[in-house]
K.L.:
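Here's a structure for you.
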Amino acid sequence: MKVLDVDVEEGKIVVSQRKVVGDLTFDFERGHVVSGNVTGIRPYGVFIEVAGGATGLLHISHISAELVENMESLFSIGQEVRAMVYEVDKATGKLAFSTKALEASPGEMLRDMTAVFNNAEENARKYMEKLENERLAREAAAKDIVAGLGGELTLDGSNPDSILSVADSIENILASITGDNRKF
């Protein structure tokens, strides 16, 4: 627990467990592999407690690329597991985990959980590289589209005129498609 307020005159102390858990989530980053123990099994996923007392959810949709039909057949209370931090919500102090991102092939978590855990760091690195490559490809495609419209995409906002020329180009394209010469 974290002490939030102390009133010596009235003999009161205000503490918060949620504040501690929220502070713990700042130590976690997307893509990091963590080890923890299963503390709860629900039809929608399992709760995992990691070092420091933080707890997060491994949602059923992030366990495997193949359909998970029975949570109890895969996990048991107290079982040690490894998972990749998939999402950190700093505002609410919630953690989300994924083992699907650690699978070398779809369904590996269902067939050979130990192999997934043994190769967790390498597969997490590959997964994060794949996400970064996809992001770069989307960025390049957006730049190509903007360039094709006669504009110039600047991510730092250094060329505000390019935004106007792109907007004008889009309006011209829409007008040619609809046969309408009015501004949209």
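Small disclaimer: the values here were computed from a predicted structure and weren't measured.
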K.L.:
Run the side-chain donor-acceptor check on residues 31-40: report pairs under 3.5 Å with partners two or more places apart or on a different chain.
P.N.:
from, atom 1, to, atom 2, distance (Å)
S35, OG, R82, NE, 3.3
T39, OG1, F47, O, 3.4

K.L.:
side-chain hydrogen bond (donor to acceptor under 3.5 Å, both in side chains) with E122: which residues, sequence neighbours excluded?
P.N.:
R125
K.L.:
Which heavy atom of M71 sits nearest a heavy atom of R42, and at what distance?
P.N.:
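That would be CG-O, 3.5 Å.
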K.L.:
In chain order, what residues pass the side-chain contact (heavy atoms from CB on, under 4.5 Å) check against S73, with sequence neighbours excluded?
P.N.:
N70
K.L.:
Are F75 and L57 joined in one hydrophobic group, where the rule is that I, L, V, M, F, W and Y side chains link up if heavy atoms are under 4.5 Å apart?
P.N.:
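No, separate clusters.
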K.L.:
Run through the side-chain heavy atoms of Ile, Leu, Val, Met, Phe, Trp and Tyr, join any pair under 4.5 Å, and report what else lands in L67's cluster.
P.N.:
none
K.L.:
Going through the distances and angles, do M128 and R30 end up as a side-chain contact (heavy atoms from CB on, under 4.5 Å)?
P.N.:
CA-CA 9 Å; M128 294 306 291; R30 186 173 194 200; 4.2 Å; yes
K.L.:
Is it the case that over 12 heavy atoms from other parts of the model lie below 6.0 angstrom from the CD atom of E69?
P.N.:
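Open: at most 12 neighbouring heavy atoms sit under 6.0 Å from CD of E69.
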K.L.:
Rounded to the nearest 0.5 Å, how far does CE of M109 lie from OG1 of T114?
P.N.:
9.5 Å
K.L.:
Excluding sequence neighbours, so at least two apart, what forms side-chain contact (heavy atoms from CB on, under 4.5 Å) with E134?
P.N.:
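For E134, the residues satisfying side-chain contact (heavy atoms from CB on, under 4.5 Å) (neighbours in sequence not counted) are K130, L131, R138.
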K.L.:
Run the side-chain hydrogen bond (donor to acceptor under 3.5 Å, both in side chains) test against S105 and tell me which residues pass, sequence neighbours left out.
P.N.:
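S105 satisfies side-chain hydrogen bond (donor to acceptor under 3.5 Å, both in side chains) with R111 once adjacent residues are dropped.
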K.L.:
Shortest non-hydrogen contact from A51 to F28?
P.N.:
O-CZ, 4.3 Å
K.L.:
List in chain and number order the residues that pass side-chain hydrogen bond (donor to acceptor under 3.5 Å, both in side chains) with R135, two or more places apart in sequence or in another chain; answer none if no residue qualifies.
P.N.:
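Result, side-chain hydrogen bond (donor to acceptor under 3.5 Å, both in side chains) vs R135: E132, E139.
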K.L.:
Apply the hydrophobic cluster definition, ILVMFWY joined by side-chain contacts under 4.5 Å directly or through others, and give me every member besides L136.
P.N.:
none
K.L.:
Tell me which pairs pass ring-ring contact (aromatic ring centres under 6.0 Å, His included) where either residue lies in residues 95-137, with sequence neighbours left out.
P.N.:
none
K.L.:
Grab the two heavy atoms, one from L74 and one from L110, that are nearest each other, plus how far apart they are.
P.N.:
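Residues L74 and L110, closest heavy atoms: CD1-CD2, 3.5 Å.
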K.L.:
Give every donor-acceptor pair under 3.5 Å between a side-chain atom in residues 58-65 and any protein atom, sequence neighbours left out.
P.N.:
from, atom 1, to, atom 2, distance (Å)
H59, ND1, S61, N, 3.0
H59, ND1, S61, OG, 2.9
S64, OG, E66, N, 3.1
S64, OG, E103, OE2, 2.7

K.L.:
Walk me through whether V81 and T99 qualify under side-chain contact (heavy atoms from CB on, under 4.5 Å).
P.N.:
CA-CA 9 Å; V81 296; T99 53; over 6 Å; no
